[in-house]
Amino acid sequence: MDSTDTTADQNWTQTPDGLVADFATGTMVRGLDFVTRIVGVAEAANHHPDIDLRYPRVRLTLITHDAENTVTEKDHALARQISQIAADLGID
Ligand SMILES: C[C@H](O)[C@H](O)[C@H]1CNC2=NC(N)=NC(=O)C2=N1
């Protein structure tokens, strides 16, 4: 996957803990709305991020437990979906 021009990659960084992204939600209420939508797509994918909901940002970490805690396509696919939700909500 060309990792230079997709929205998902603009938000996400590969770390030893997995794919990590911070989203500047601005308030905790907006963060909760964002997280609620994330949980919806995570449940549908049966693939779940670690979620750190704070004021004024949400931090997400994606790793595949079933693959000895490595980053897999499941993580990249969910990252793309999450980045799209953020874009839809006008969250950077
Ligand atoms: C049994 C269940 O389907 C698995 O444990 C799923 C659930 N959600 C998951 N979420 C994440 N992030 N990684 C996984 O490997 C994973 N596996």
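We count ligands from 1, going down the list as the structure has it; atoms in each ligand are counted the same way.
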Partner of Asp33 under side-chain contact (heavy atoms from CB on, under 4.5 Å), chosen from Thr27, Ile91, Leu89 =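 Among Thr27, Ile91, Leu89, the one that satisfies the side-chain contact (heavy atoms from CB on, under 4.5 Å) with Asp33 is Leu89.
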ask   = How does Ile63 reach ligand 1, by side chain, by backbone, by both or by neither, if only non-hydrogen atoms under 4.0 Å count?
value =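 Backbone only; the side chain of Ile63 stays clear of ligand 1.
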Can you tell me the protein heavy atom closest to [atom] and the distance?
| atom | value |
| --- | --- |
| atom 5 (O) of ligand 1 | Asp66 OD1, 3.9 Å |
| atom 10 (N) of ligand 1 | His48 N, 3.0 Å |
| atom 6 (C) of ligand 1 | Asn46 O, 3.8 Å |

ask   = So which pairs with a foot in residues 40-70 pass ring-ring contact (aromatic ring centres under 6.0 Å, His included), sequence neighbours left out?
value =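 Of all non-adjacent pairs touching residues 40-70, none passes ring-ring contact (aromatic ring centres under 6.0 Å, His included).
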What donor-acceptor contacts under 3.5 angstrom involve side-chain atoms of residues 16-24, with partners at least two apart or in another chain?
unit_1 : atom_1 : unit_2 : atom_2 : d
Asp22  : OD1    : Arg59  : NE     : 2.5
Asp22  : OD2    : Arg59  : NE     : 3.4
Asp22  : OD2    : Arg59  : NH2    : 2.9

query = Hey, does Arg80 have a side-chain heavy atom less than 4.5 Å from the side chain of Leu78?
reply = no
message = Protein heavy atoms near atom 1 (C) of ligand 1, is at least one of them under 4.0 angstrom away?
response =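 Neighbour list for atom 1 (C) of ligand 1 is empty of protein heavy atoms (cut-off 4.0 Å).
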query = Given Ile85 and Val41, is the side-chain contact (heavy atoms from CB on, under 4.5 Å) satisfied, shown in steps?
reply = CA-CA 10 Å; Ile85 292 169; Val41 298; 4.0 Å; yes
